[in-house]
Every structure is written in C-alpha cells, then in structure tokens.
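Presented below is the structure to which this report refers.
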Amino acid sequence: MPNLAQLLTTKSSAEYRRVFDLCRAISGEFDDIDAVYVVGGVVRDLILERAPNDIDISVVGNARGFSEALASGLGVNSPVESQFLTFKINAVDLKLGGSSIDVVTARSETYSEPAALPEIAVSSISDDLKRRDFTINAMALSLSNSNWGNLVDPANGFGDVMRKRIKVLHAGSFVDDPTRIFRAVRYATRLGFSIDSRTSWLMSESLAYVDRLSGTRIRNEFEQLLGESKRTDMLRMSEEMGLIGAMSPGLRIGSKALQVLDSQEELGTLSTDLTDLLAIATFGLNEDEATRVIERFDAPAEWGESITGNTRLAKHVALLDRPNILPSELVEILDQIPLASIRAHIAVGPPLPRRDKLNDYMERIRFIKPDLTGIDLIKAGIPEGPIIGKLICIVKRAKLDGHVRSRQEELELALNRLPGFLTN
Ligand code: ATP
C-alpha cells in the first residue's frame with residue numbers, strides 16, 4: 001500500500017491541510033470510528049496537482065459524531081444530514097475549492113434495476129470504493145493517525161491517472177447509473193483524458209438506458225455540463241457519441257451552434273448564463289421538438305422560456321427582413337421574446353437584414369420610452385384607469401416611429417386620442 005502523505009501535507013494548500021489535520025486529530029478521539037479517508041475526486045485532483053472542489057470524507061464508523069466534531073473544530077455551523085448517513089458541512093467561508101465538506105458513512109450500493117436509485121447499506125471502505133464511477137475516482141487516502149497518507153486503490157486508479165485514462169469499474173456500471181455516461185464525458189474533457197476503449201464501448205451500448213432517467217436527473221447532468229468551462233468540447237463529444245439525442249427525442253446541437261460557442265469562448269464573449277447557453281444549444285429546434293425537450297427535461301420556467309423563445313422568434317423573424325418594417329412593429333414582435341433567444345438568433349441565425357434589426361432592437365430600440373408618464377396624463381385631467389396605459393402605448397409607438405419629437409408633442413397626441421377612448 002503506497003503512502004502518499006506528502007499529498008496531504010506539502011502538496012495541499014493551507015486550507016485543505018487544516019481540514020486534513022483536524023480529521024487526523026478527531027479520528028483518534030472516537031472509539032466508534034475505525035477509519036477516516038478522503039475519497040474520490042479530491043484524491044484524483046491532489047495527484048494531478050489540480051485544485052480540488054468539494055471535499056468528500058468517508059468514515060468507517062460514527063460519521064455523525066465525526067462531522068459534528070469537524071464542523072466545530074473548523075468553527076462553522078453544525079452539519080446537515082443530507083441523505084443516508086451523509087453529513088454536509090457548509091464550507092463557503094473556508095476558502096476551499098468547493099462549497100462543502102461531505103462526510104459520508106462508508107457504504108455499499110446495489111441497484112435493483114437499471115437507472116434506479118441505489119439501495120444503500122453501511123459497509124467497509126473497499127465496498128465504498130466499489131460503488132464509485134471510475135477507477136480514477138475510486139481511491140481513498142487515509143486520514144487516520146495510525147496510517148496517515150496510506151492509499152487504498154483496489155482498481156489501480158493511480159495507474160489510470162498516470163495514463164490519463166477514464167476507465168469504468170465494472171461492465172454494468174452505466175446500466176446501473178446512466179448519469180455516469182455524462183460524468184465520463186465531463187472528466188475526459190475537463191482533465192484531457194482519453195476514455196478506455198472498453199469503457200467507451202460500454203457507454204455507447206448503454207445509451208438506451210439514459211431514457212430511464214427522470215427529467216430532473218437528466219436536466220441536472222445537462223446543467224452541470226453547461227456549467228463546465230470546456231462546455232463546448234463536452235457538447236460536441238456528447239453530440240458525436242449520440243448522448244444528446246439519447247437525452248430527449250428531437251434534441252440535437254447543430255454544428256453552427258457549436259461553432260458559435262467555440263468562437264465566443266475564444267473571444268471571451270460567451271455568456272455563462274444558463275438561459276443564454278440553452279438558447280444557443282437548442283437553436284434550430286422546431287416547435288414540436290422544443291415541446292418534447294421541455295417535457296422530457298421536466299423543465300422549469302426559465303428553461304422553457306429559452307427553448308420555446310427560439311421557436312416563437314423563428315415564426316416571426318422573416319417579417320424583420322421587410323425593408324419598410326416600422327420600429328414600433330419590431331418592438332411589438334420582439335418584446336414578446338426572451339432576450340436570450342434574441343441573442344441566440346443574432347449569434348446563430350442567418351445574417352439577413354434581420355440581424356441588423358435584432359441588433360438595433362437589443363442596443364437601442366428596446367430602451368426607447370416616452371418622456372410622458374401616466375402621472376403626467378393624470379395631472380392633465382385624464383381619469384385613472386386602463387385608458388392611461390393605452391394612451392402611453394400609443395405615444396410610445398409614435399415616438400418609436402418618429403411621429404412625436406418632444407414631451408409637448410407626446411401630450412398633444414395623447415389628448416387628441418383621448419375622445420376616441422371616452423366614446424368607446
Ligand atoms: P468534481 O470535481 O466535478 O466535483 P468529483 O469527482 O469530486 O468531481 P462529485 O460529483 O463531487 O465528483 O462526486 C464525488 C465522488 O463521488 C466522485 O469522485 C465519485 O467517486 C463518487 N460519485 C459521484 N457520483 C457518482 C455516480 N453517479 N456513480 C458513482 N460514483 C459517483
């Protein structure tokens with residue numbers, strides 16, 4: 001069993017070292033704790049000399065008592081039990097790479113059917129490592145005083161980190177949990193690793209099981225992918241291997257959308273706002289496809305808006321090419337469309353006259369408002385009520401189209417139109 005204590009001491013930042021040292025001290029204080037390990041992605045990242053994210057600690061024994069002592073030693077709030085004997089310590093103030101320290105009870109997981117949530121039982125560290133996704137994530141480093149720094153690595157994850165290889169732990173892994181297909185794509189792209197050929201074959205053989213994941217789980221995976229800094233490469237890889245199509249019938253990411261994401265990323269102009277990314281990624285879907293995607297993803301309102309916004313804009317966008325379209329008509333159409341969909345159309349849509357109109361709307365026209373306010377109209381003697389809004393709309397349209405040029409002209413127009421409303 002190799003000893004990698006130096007990863008915990010000289011190779012870790014002061015903040016991580018403080019956590020590891022505390023774990024070491026606390027592990028000796030409890031009779032009902034057999035062992036404490038730092039596990040998973042943190043070990044992988046420490047070996048790679050990358051800054052880790054959240055810290056995952058596996059405790060063989062009393063994880064609750066351990067996590068409470070750790071939180072108190074760190075001077076932060078008590079842990080919250082998040083799921084089966086798992087305790088989350090809020091670490092946002094601790095200057096670690098991630099926002100939490102997760103203390104789990106070492107456990108085994110079994111799957112009664114494909115893509116189901118696992119059945120969990122308290123177990124040993126070796127079972128805890130067996131339940132993991134890839135060899136590079138199935139390592140544990142001991143934080144106990146007696147064998148501080150000993151590496152537990154039954155699947156030779158260390159060798160795979162050295163070979164830069166993503167390798168699954170067993171043949172049924174992607175069937176048990178198809179979210180691991182997304183995870184493989186994320187790790188391969190993020191770390192610049194290749195996917196071992198058998199693992200890659202198993203991934204494509206298991207694509208059909210993605211269909212069994214709930215909308216929330218699949219959406220969570222897609223959102224994580226969009227949140228990564230190498231999102232475009234991940235989307236491209238997912239598209240090429242059929243993962244995008246496996247997520248939802250009708251979903252695809254076009255080559256133009258990928259090109260745009262690439263070039264915006266290169267220029268540093270890519271918005272990382274989820275609604276913008278979704279609008280670009282789903283650009284070109286027709287109405288029926290958009291509806292199916294929204295249903296499949298059990299999409300919350302902001303997702304739905306971005307995806308259907310594209311199709312709503314596509315319906316009207318040809319009107320924008322008319323040479324004599326008035327600014328007020330432009331506003332009437334585009335005020336109904338989410339800004340993310342308009343931005344996506346400017347970036348990915350065809351460069352017809354409409355692109356200039358869309359740009360003009362985004363940069364100038366949408367900010368044009370009448371100088372006249374509802375209060376001015378009330379002061380001028382117009383009774384409060386829906387008439388005020390209607391008159392302001394008329395004035396706004398006239399201003400957009402250049403028919404009124406001052407506040408006085410706006411007021412005159414409103415007063416001129418007033419009788420029409422009063423008689424109706
Ligand atoms: P990141 O740097 O993205 O946080 P990570 O490897 O720490 O990567 P997490 O999602 O935080 O990933 O999960 C922590 C660990 O839990 C992983 O390293 C892996 O060992 C295990 N794990 C997480 N999700 C799964 C899964 N779906 N199947 C098996 N093991 C998983």
Side-chain angles (χ1 to χ4, degrees), residues 1-24 27 35-60 70 89 91 94-104 106 124-170 173 180 182-200 224 228-230 233-234:
M1 191 180 283
N3 187 284
L4 299 182
Q6 57 154 350
L7 293 183
L8 301 172
T9 49
T10 53
K11 299 280 183 183
S12 293
S13 69
E15 289 79 16
Y16 281 88
R17 235 172 15 239
R18 177 166 166 241
V19 176
F20 298 148
D21 285 342
L22 257 172
C23 289
R24 181 180 194 166
S27 67
V36 176
Y37 300 89
V38 56
V39 284
V42 180
V43 181
R44 174 201 73 216
D45 287 339
L46 287 174
I47 296 171
L48 285 168
E49 299 192 21
R50 288 172 64 93
N53 280 322
D54 294 345
I55 299 186
D56 292 303
I57 308 273
S58 250
V59 175
V60 183
L70 180 58
I89 297 174
L94 294 178
K95 297 206 183 82
L96 300 166
S99 59
S100 68
I101 300 174
D102 289 334
V103 179
V104 307
S124 61
I125 188 67
S126 83
D127 279 347
D128 195 79
L129 295 177
K130 274 189 206 139
R131 73 178 167 91
R132 291 174 187 269
D133 46 5
F134 306 109
T135 59
I136 59 165
N137 288 341
M139 292 180 275
L141 265 183
S142 172
L143 299 178
S144 308
N145 197 29
S146 52
N147 43 18
W148 170 254
N150 277 1
L151 179 71
V152 187
D153 181 17
N156 191 19
F158 190 87
D160 284 333
V161 172
M162 294 296 119
R163 278 184 220 102
K164 295 180 174 289
R165 180 166 78 176
I166 310 290
K167 193 173 163 201
V168 82
L169 289 182
H170 60 92
S173 182
R180 292 172 185 161
F182 294 86
R183 297 176 64 85
V185 170
R186 287 214 308 274
Y187 291 125
T189 313
R190 188 203 296 168
L191 303 173
F193 281 22
S194 63
I195 299 182
D196 147 80
S197 58
R198 181 166 159 275
T199 300
S200 175
Q224 284 200 48
E228 292 266 346
S229 63
K230 294 195 175 163
D233 291 340
M234 292 181 194

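Quick note: numbers below take in every heavy atom, side chains included, and nothing from hydrogens, waters or symmetry partners. Counting from 1, the numbers follow the sequence of the chain as shown.
- Across Asn137 and Arg132, no two heavy atoms sit closer than the pair O-CD, 3.3 Å.
- No donor-acceptor distance shorter than 3.5 angstrom exists from the side chain of Ser173 to the backbone of His170, with no hydrogens or angles considered.
- Atom CG of residue Leu94 and atom CD1 of residue Ile101 lie 5.5 Å apart, to the nearest 0.5 angstrom.
- Note that the CD1 atom of Ile195 and the CZ atom of Phe134 stand 7.5 Å from one another [nearest 0.5 Å].
- Smallest separation of non-hydrogen atoms from Asp54 and Val42: O-CG2, 3.2 Å.
- Screening Lys164, Arg44, Arg186 for a side-chain contact (heavy atoms from CB on, under 4.5 Å) with Leu191, the sole residue that qualifies is Arg44.
- Pairing each heavy atom of Val38 with each of Val43, the nearest pair is O-CG2, 3.3 Å.
- Note that CG of Asn150 is 5.0 Å distant from CG of Asn3, once rounded to the nearest 0.5 Å.
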Go through the steps for Ile125 and Ser58 under the test side-chain contact (heavy atoms from CB on, under 4.5 Å), then give the verdict.
CA-CA 8 Å; Ile125 188 67; Ser58 250; 4.0 Å; yes

Which pairs would a plain distance check flag for residues 154-161, meaning a side-chain donor or acceptor within less than 3.5 Å of a matching protein atom at least two apart in sequence or in another chain?
residue: Asn156; atom: OD1; partner: Gly159; partner atom: N; Å: 3.0
residue: Asp160; atom: OD1; partner: Arg163; partner atom: NH1; Å: 3.0
residue: Asp160; atom: OD1; partner: Arg165; partner atom: NE; Å: 2.8
residue: Asp160; atom: OD1; partner: Arg165; partner atom: NH2; Å: 2.8
residue: Asp160; atom: OD2; partner: Thr135; partner atom: OG1; Å: 2.6

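- Residues Thr9 and Trp148 form a side-chain contact, since some pair of their non-hydrogen atoms from C-beta on lies under 4.5 Å apart.
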Evaluate Asp133 against Tyr187 for side-chain contact (heavy atoms from CB on, under 4.5 Å), listing each step before the verdict.
CA-CA 11 Å; Asp133 46 5; Tyr187 291 125; 3.8 Å; yes

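- Closest heavy-atom contact between Leu7 and Leu46: CD2-O, 3.6 Å.
- No hydrogens or angles considered: nothing links the side chains of Tyr37 and Asp128 as a donor-acceptor pair under 3.5 Å.
- From Ser200, atom OG reaches atom NZ of Lys167 across 14.0 Å, with rounding to the nearest 0.5 Å.
- Ser144 places no side-chain N or O within 3.5 Å of a backbone atom of Ser146 that could act as its donor or acceptor partner.
- Taking 4.5 Å as the limit, every side-chain heavy atom of Gln224 sits out of range of all side-chain heavy atoms of Phe182.
- Looking at Leu70 and Cys23, their side chains come closer than 4.5 Å, going by heavy atoms from C-beta outward.
- For Arg131 against Arg180, the heavy-atom pair with the smallest separation is O-NH2, 3.4 Å.
- For residues 5-23, the pairs satisfying salt bridge (charged side-chain N to carboxylate O under 4.0 Å, His left out) are Lys11-Glu49, with sequence neighbours left out.
- Nearest heavy atom pair, residue Asp45 against residue Pro52, reads OD2-CA, 3.6 Å.
- Counting only heavy atoms from C-beta outward, the side chains of Val103 and Val59 approach each other to under 4.5 Å.
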